[in-house]
Structures are given as structure tokens and as C-alpha cells.
Amino acid sequence: MTQRRILVTAALPYANGPIHLGHLVEYIQTDIWVRFQKLRGNHCIFICADDTHGTAIMIRARQEGRSEESVIAESKIAHERDFAGFDVAFDNFGSTNSPENEKLCGEMWQSIRAAGLVKEKDIEQLFDVQEGTFLADRFVRGTCPNAACGAKNQPGDNCSKCGSTYTPAELIDPISTLSGTTPEIRKAKHLFIELEQLHDFLDEWTKSDDHLQSEVLNYLKGHFLGDANSPEGRKTLRDWDISRPAPYFGFEIPDSPGNYWYVWFDAPIGYMASTVQWCERNGEQFDDWWRSDDTEIHHFIGKDITYFHTLFWPGMLKSAGFSLPKKVHIHGFLTVNGEKMSKSTGTFVKAETYLKHLDPSFLRYYYASKLGSRLDDIDMNLDEFAAKIDSDLVGKVVNLASRCAKFAVASGLSAEYPDDGGLFAQGAAAGDEIAAAYENCDYNRAMRLILELADRANPYIENAAPWTLKNDPDKAQQLQDICTIGLNLFRQIIVYLAPVLPRISEQTGELLGRPIESWDEAKTPLVGIPVNKFKHMIKRVDRKDLDAMIDESKDEEVTAPPTSQYNDSAEPLQTEPLAEQCTIDDFVKVDLRIARVLTADDVPEANKLLKLTLGLGGDETRTVFAGIKEAYKPDDLIGRLVVCCANLAPRKMKFGVSEGMILASGPGKADVFMLRVDEGGKPGQRVH
RNA sequence: GGGCCGGUAGCUCAGUUGGUUAGAGCAGGGGACUCAUAAUCCCUUGGUCGCGGGUUCGAGUCCUGCCCGGCCUACCA
């Protein structure tokens, strides 16, 4: 087998938050792949770094009254500690805020300039005078410019009420969330990369040589590239705004003073900069890794950053003459017990918290048993988690060693490998199929295949009954032979599991006095060597530990803000900060009335709407379309008293004219909570 | 609304280019063993392959319509 040269990256974690179980899907997935490649004898390096630039870090540093460098230094220590805790072993973990990165950004930039891809445009942006900074969309809130909507306290890029999109400069009465002051509109020069110039290249690259999973190709075609042969035709790629005016935490653009590269420009270049650091430490040449057809580059990322890694990044690499990725491996998100990770239910578990309670091998094996080569989200079901570890790892795999080793300590392994009915040979033969599954990121398949080996080994031991043989001195040889077989079958399985379970691989090495270093060791049984005393390799999952982990994850959120006796979360206020102060005059403009729901009908064509007729007493009624379909059934509403805004300008909607709004809270979808009226309230009464 | 992925045993999933009687693990039931971390082994219950059409000698597999779930995207509040 010729040795492949493989450079692997995992996405750069942002230096503004802790590593959690969701991140770990990717880092464990990637680490397994890297360990597999190394075990196969390939020259493989695993490169990562902290992603350190951008507004969010700058703001946080300001709020905490310290330097950005201090924030990211602290983050790096925490990240490296967490990764090490899960046996995620990078060959180099760098930082995008490194001299190597700045230099490479400059080189990349020059090439892109030289290729004629850069153009300048003035854009209008809101500027916070007090903070002295331009405001990214998410740091502005104001009134929706859509005249028919006029919703207050909306984010800077789109309205959560009416969904219209706009620029922050178009917002009415904008407020900076940083200072609470009113920002002013300022024009600033921005630099753009005209990606459209690379359209032909991207069409070709994305569809060729299995660079991408097929679903990803479909997605890119449908949303960005288009397809000249389809009825919709080809789409035009938008220019990419890659500069930000000062102040910005990042690298200043050398030929455009006062402007900085947008974080997404320098982040992927961080893969390269981190490689430079590794090369320097190991006496290797950077060009052998990033400018060589002999090297495969594999990126592992989550589906949220598909766009950057499958269009911009290949475009940048191509323009600057670097190697293109051989494959971008994209995975889905993590859900816990079937739902998004959530702080309130304690399923938002930080890496650090997990490690206080549970063995990292558990999570590595569990993720491996769930991960396939596609972008489906994976679900971590806590019951299944416990069952899989106990049944597969403890009961079947480790138990093999546990039940054989003690009978072999005195004798060691037989001098020759005995007849085992072909079991070891079968296991050796399965190696190629297992390897193919790993190579293709079908870890769940690999785990299934490996467990089959354990399912054959246990009955063999059962029938051979070494515990009976040990009582008969005449059968000492037979006893030694059986243990030789059992321990070799065990070791074969551990060789295959070594990428997933490095600790157990190491312990197995210690048990038999031979470290596991190569995949091919699964082809040759060990003979004539001593056996050391068996030590426990893994514990069973204790439900109490799982529960404690979840509890602790809940606690953190509750104790963070000063709490009242009700433990109300601070999250809703953070999600939607308070609007600008208003006067009583402003308030009385809004005429809120109690109303009775007279009719409530489903609007079949609408996703979210119910059509309601509200009675304000007497003959006065209002027809209102309310986005509460997923939260309420029409029949449950009829007769009920609600609070509505009765003087809202009528709004023409797809399904008719809406003449008011019902007051409700909540993020939407099924989480909508209508206001109730206490006993005695009457339709038509005004709410003051 | 559009795109993608999925719907197979109580649960998690395999089912190759269409080809016998649809499989595995876990869970459940019965039994055995007691070396091993209450681990293991044997036997066993369990399926309208989401639903309806179609193609075919033959459909879990191919085509089509619909239903349901997830993700993406849009519209709409």
C-alpha cells in the first residue's frame, strides 16, 4: 500500500464560547478519521485553530474591560483543555490571530487582487458614535421600514414580524444595542470579491470527483449556482463583502488602510497558518501540504458553514494557486432526546461539564455508532447512550478480555496460534470492509461490523469454558489455547476500534505488552508472550452520573443572572432586548381592547395562520389573521376572551384583510402564548 | 410554496444491479451458565416494509400521487 499524504481540518471553533457536545460531534468525527488514517500508515496531520476575529470578540472584550488578546488567550486554553479531555488530538492547534495567518492572508489577498476579483463599493452603514464603531446588523434594532408593518424593536437585517428584508440604514428609529444611542448613517468603502467570475470553475469543481456529498451539490445548485440546463437557468453569485472598517478586531488590509479583513476571510486561511506552525516544528515544507497534487486536503465542517467552504474557499484557493480540497465532509447538528439542545432542559452540555461526570470514551463510541456519511442531524438519546455503552462496549467487547485474561496470566499466550475454527481469519478478512466504512465516514457501519466480531467471539469462549478447564491440570494446554484465542480476538477488535477508543487501545497494549500501532496488526495473532494482570478498562454508565450532568447543565443557566424565587430565565430578554423608552402619549396611540373570539377557522393554505372573527361587543367585529395555527386549535378558541389591538391599520394579506392583532408572546410556531383576561373583563373594554 | 433527506419489529437501524419464506442489535418472554463489570450463552415472541395507484413473471427496492417527520429556503404573521 502506498502511503497517502493527508491534511485534515476541523472547523475552527469561535473563541467566544465554550466547547459543547454539539461541537464535539465534529471534533470526534474528525479525530476518529485522522486516527484511522494514521493507524493505516498514512502520513496524516490534523490541523485546527481558534477563530479569534470579528465584532463579537471585540464587543465582549470591551464589555469586560480588557483586551481582545486576553479574551482569546483564555478561550484557547479552555478549548485545548476540553479537546484533550476528549482525546481529540490535533497535530497543531493554532490561532487565526497569529503572524503566520496575517502573512498568508496578505499573500492570498495579493493573488486575489492580481486575479482581478476585488472591487470597491461604497455602502451605507450605521455608525455608533459613542462606541466609535460601525454596527453589524445584529447590533442594531429599530422599527421595521415596511409601512404596513412598522413593528418595533426589530433586528437590523430583517423584520421578525413581516419578514421583509432591508439594510440597517433603512430601519426607522434605529438604536445601537451596544450603547443604546441612536446611530448615524455613514458611508464607508468596502471591498468585495466578485465570486461570479469563478462561476465556471465552481460549477465544475463542485460536481466533480466526489468533492462533495450529493445532497450538498444539490443544495448549492438550487440556491447559489443554478444550472444552465434547468428551466430556472444559471444564477449569479453575489459579491462577497470581505472588508470591515475600523475599529474591528482582525488584520488591517495592507493596501486599504483603515479596513480590516472580515473574519470569514481570515478564518479558513487559519487552516494554512496552523499548518505553517506544524511544519516549522516538524521540519516539513508548507508547499508539500498546500501546493502539491500529492496531498489530499479534507475539511470536516457542519452544514451551517457549507457556503463558505464549498464556494468561497475553493474560489480563494483556486485564485491563489493553492491545492483544492479533495473532499469537504459535512455533518448535521446534534439534538438531544430528539430536541434542540437547550439550556432550560439541561441538554446544552458543555464539554467541561460532561467530563466531570462521564468517561469521554462513552461519547466517542456513541457518536461513532450514530454517525454516517450524510448530513442528517444526529440525535443523542440518553437512554440509548447508556444502553449502547453497557451492552456493546462493556458487555460484549471488554468482557472478552475480562473473562479470559485472568486464566492466562500464569501461562502467557501459547507458543503457536491454535485452531479457532477460522474465527481470527474471519476477523482479519473483515478488515477491508471495516476500513472502507471508516474511510467513507460510515462509522455506524464500521461499529456494526466490528460488533459482529464480538458476537462471534463470546459464544466461542462460552463453549470452550476455560473456567471449567482450569480445574483440570491435564487440560492446562487447552486452557492456554482458549485464552490465547479469546485475547487475540479481543485484540483484533480493539485494533479496529482504536480510532474510536484510543484509551482502551492503549490499555490493551499494556495488557499484552505490545502497543497497538497499525491496522495490519489485526491480521496477525500474538503468540508466546506474557499476559499482564487485567485492569478495568471502562465502567458501566451510571444513570446517576448522566442525571447529574444534566442537572448541572441546568443549574448554570439559572444561577448566572441574579435569580428570584421563580428562577425565571434571562433568555427571553436577551433574545429580544427592551425597546426604546416611550411616553404615555405613545402608549395611548395603541388601542387595546378585550375581544371575544366569535369564529375561528383554519386557513388550509397557510402554514401559520388562523382566521378569527373578534367581537368587541354589540355588532362591532374585526377579522384578524393570527399566526397561531401551530399553537392553538380553532375549536379551543371559540368563545374565549383575548386582548387585541383594535386600531391597527388593516393589512392586506394573501388570504384576506387582517384588521387587527391578537396579543401573544413567545418565539412563534408552537410556542405562542395568548394573553388571558381575568374574570369580569368584557368585550369592548379598553386595556389601559 | 420550492429543494433535499427520511418513514422497514416496541426502540436504533441493515436490506447490494428488482429475485426464494424481509434481517441484525437492543428491549420483551423462556431456559442455561456462573470465568467475567447483575456481564455471557441458547431458544423465542414480534413486521399491512407510511398509504393508494402503476410497471413487471416477480416490488421494501423502479415510476406516480398523497400522508407524516426532519433539515434548508422562501412567503406570510
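Throughout, protein chains are lettered first and strands after them, A, B, ... in sequence-line order, and every chain is numbered starting at 1. All heavy atoms count here, side chains included; hydrogens, waters and symmetry mates do not.
Base pairing in RNA chain B gives the following stems of 3 or more Watson-Crick or G-U pairs, range against range and under 3.5 Å: B:1-7 with B:67-73, B:10-13 with B:23-26, B:28-32 with B:40-44, B:50-54 with B:62-66.
Set against C71(B), C35(B), U37(B), the side chain of K470(A) has C35(B) as its closest nucleotide.
In terms of position along RNA chain B, the nucleotide closest to R448(A) lies nearer the 5' end than the nucleotide closest to the other residue of the pair D392(A) and R448(A). Along RNA chain B, the nucleotide closest to Y219(A) and the one closest to G395(A) are compared, and the more 5′ of them pairs with G395(A).
L195(A) and R238(A) get closest at one heavy-atom pair: CB-O, 4.1 Å.
The residues K370(A) and D379(A) are annotated as not salt-bridged, no charged nitrogen and carboxylate oxygen being separated by less than 4.0 angstrom. Taking a cutoff of 4.0 Å between a charged side-chain nitrogen and a carboxylate oxygen, D210(A) and K327(A) do not qualify as a salt bridge.
K406(A) comes within 4.0 angstrom of sugar-phosphate atoms only, judged by non-hydrogen atoms across all strands, and of no base.
Ring geometry for F308(A) versus W240(A): interplanar angle of 30 to 60°, hence tilted. Taking the six-membered ring for Trp and thresholds of 30 and 60 degrees, H211(A) and W205(A) have nearly parallel ring planes, at less than 30 degrees apart.
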Hey, what are the protein-to-nucleotides 41-46 of chain B N/O distances that come in under 3.5 Å?
| residue | atom | partner | partner atom | Å |
| --- | --- | --- | --- | --- |
| C41(B) | O4' | E462(A) | OE1 | 3.4 |

- Applying side-chain contact (heavy atoms from CB on, under 4.5 Å), run through I461(A) and W467(A) and close with a yes or a no. CA-CA 10 Å; I461(A) 300 300; W467(A) 46 93; 4.0 Å; yes

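Close placement of the W33(A) and F300(A) rings is indicated, their centers lying within 6.0 Å of each other.
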